[in-house]
Number of protein chains: 2
Amino acid sequence: MYSIGDLSKKTGVKIPTIRYYEQMGLIAAPDRTEGNQRRYERRELERLSFIRHARDLGLSIEAIRDLVELSQHPEKPCTGADAIATTHLASVRAKIAQLKKLEHELERIVSHCAGHTVGDCYVIRALSDHGLCEGSMDEV
Amino acid sequence: MYSIGDLSKKTGVKIPTIRYYEQMGLIAAPDRTEGNQRRYERRELERLSFIRHARDLGLSIEAIRDLVELSQHPEKPCTGADAIATTHLASVRAKIAQLKKLEHELERIVSHCAGHTVGDCYVIRALSDHGLCEGSMDEV
DNA sequence: CTAATCTCTCTAGCAGCTATAGGTTCAAGA
DNA sequence: TCTTGAACCTATAGCTGCTAGAGAGATTAG
């Protein structure tokens with residue numbers, strides 16, 4: 001039997017976060033002591049590690065809820081789990097692509113700034129004048 | 001004179017967002033009509049475009065507040081603006097590096113999954129068992 | 001038994017908006 | 001001039017994924 005603090009130390013998930021996950025339905029409400037404190041079993045330790053790991057990979061609470069649900073049914077086909085991971089991979093890649101665009105834009109802005117006052121600072125001018133962008137980032 | 005709707009159309013910033021920026025002190029409270037509706041000048045249109053552009057680059061409201069402040073003082077040295085952009089560039093790069101790690105991990109997980117049921121699904125197993133990770137992402 | 005440390009619930013806060021409700025004002029056409 | 005419909009107003013609540021604090025009660029080591 002683990003207290004919530006034990007669970008927290010073992011998984012690296014903070015105590016309020018554990019309670020939050022319970023509220024969000026990622027972990028079941030555990031048994032309580034007579035004094036109303038949560039007491040966990042090994043099972044819940046494992047599930048929380050699962051959740052932690054999935055969060056580290058950037059999966060949403062929503063996606064994790066689905067994965068947890070799936071993991072409770074080992075006999076079902078795993079296409080659902082695969083789809084969740086694949087979809088997430090795609091969104092991670094999209095995010096990377098977007099951030100690389102930002103990186104290039106920022107590099108360009110920063111490197112071009114040879115001015116010494118705000119009046120001729122390329123950083124400020126680039127932000128003021130969208131025309132200074134290479135191929136605008138958005139359609140506006 | 002532009003109404004808030006005009007401003008919104010011209011800059012692509014949604015109306016509630018414009019009001020939010022006013023509240024946050026990014027743009028000054030404009031004059032009002034007798035009937036209490038906001039009326040903007042060209043000056044504010046330009047500033048909002050500036051803000052939009054900076055947001056597109058991922059700068060925080062806080063950072064933008066500083067940049068806007070700086071841009072009002074063309075005679076000052078631009079080291080502050082440069083520092084904001086440089087710092088942001090560093091954080092974008094850090095984010096990219098982190099997402100690439102996630103990308104690799106997810107690729108590995110997805111590509112290894114040859115199972116057909118949840119019971120032998122690599123996605124689920126990889127999440128359940130941290131030991132399946134290549135060089136763990138975190139120290140837990 | 002006591003003191004120190006957990007733990008409990010509830011509430012509010014973070015960023016950066018977005019949405020809704022319920023009311024007022026504006027502008028264009030008849 | 002009047003009417004109607006679109007646009008606007010404020011205020012409040014909600015979104016994600018936590019985190020922090022208050023104030024009270026529970027547990028445990030000595």
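All values below were derived from every heavy atom in this structure, side-chain atoms included, with hydrogens, water molecules and symmetry-related copies excluded. Here the structure is a predicted model, which means the values were calculated and not measured. By convention in this document, chain letters (A, B, ...) are assigned in the order of the sequence lines, proteins followed by strands, and residues within each chain are numbered from 1.
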Sort out for me which residue in Glu41(B), Arg42(B), Lys10(B), Arg39(B) forms a side chain to side chain donor-acceptor pair (under 3.5 Å) with Tyr2(B).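 Exactly one option meets the side chain to side chain donor-acceptor pair (under 3.5 Å) with Tyr2(B), and it is Arg42(B).
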
Counting only N and O atoms by type, is there a donor-acceptor contact under 3.5 Å from the side chain of [X] to the main-chain atoms of [Y]?
X: Ser8(B); Y: Ile4(B); answer: no
X: Thr86(A); Y: Ala83(A); answer: no
X: Asp6(B); Y: Ser3(B); answer: yes

Starting from [atom2] on [N], measure out to [atom1] on [X] and report it in whole angstrom.
X: Asp56(A); N: dG17(D); atom1: CG; atom2: P; result: 14 Å
X: Glu62(A); N: dT16(D); atom1: CD; atom2: P; result: 8 Å
X: Tyr20(B); N: dT12(D); atom1: OH; atom2: C1'; result: 15 Å
X: Leu59(A); N: dC18(D); atom1: CG; atom2: P; result: 12 Å

Would you mind telling me which residue lines up with the more 5' stretch of DNA chain C, Gly5(A) or Thr17(B), judged by nearest nucleotide?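 Closest to the 5' end, via its nearest nucleotide, is Gly5(A).
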
Of Ser60(B) and Arg38(A), whose closest DNA chain C nucleotide lies nearer the 5' terminus?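 Closest to the 5' end, via its nearest nucleotide, is Arg38(A).
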
Should the pair [X]-[Y] be classified as a salt bridge under the 4.0 Å nitrogen-to-oxygen rule?
X: Arg19(B); Y: Glu22(B); answer: no
X: Arg65(A); Y: Glu62(A); answer: yes
X: Glu105(B); Y: Arg108(B); answer: yes
X: Glu107(B); Y: Arg93(A); answer: yes

Identify which one of Thr17(B), Leu26(B), Ile64(B) satisfies the side chain to side chain contact (heavy atoms under 4.5 Å, CB included) criterion when paired with Arg55(B).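 Among Thr17(B), Leu26(B), Ile64(B), the one meeting side chain to side chain contact (heavy atoms under 4.5 Å, CB included) with Arg55(B) is Ile64(B).
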
Where does the chain B footprint on DNA chain C start and end, counting 5' to 3' with a 4.0 Å heavy-atom cut-off? dG16(C) to dA27(C)

Relative to the 5' end of DNA chain D, which residue comes earlier, Ile15(B) or Gly58(A), by the nucleotide with the nearest heavy atom?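 Whichever sits nearer the 5' end wins; that is Ile15(B).
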
Using a cut-off of 4.0 Å between protein heavy atoms and nucleotide atoms, how would you tag nucleotides 20-30 of chain D 5' to 3' with B, S and -? -----BSS---

Is the distance from OP1 or OP2 of dG17(D) to the nearest side-chain N or O of Tyr21(A) less than 4.0 Å?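 So the side chain of Tyr21(A) is outside the cut-off, no N or O lying under 4.0 Å from OP1 or OP2 of dG17(D).
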
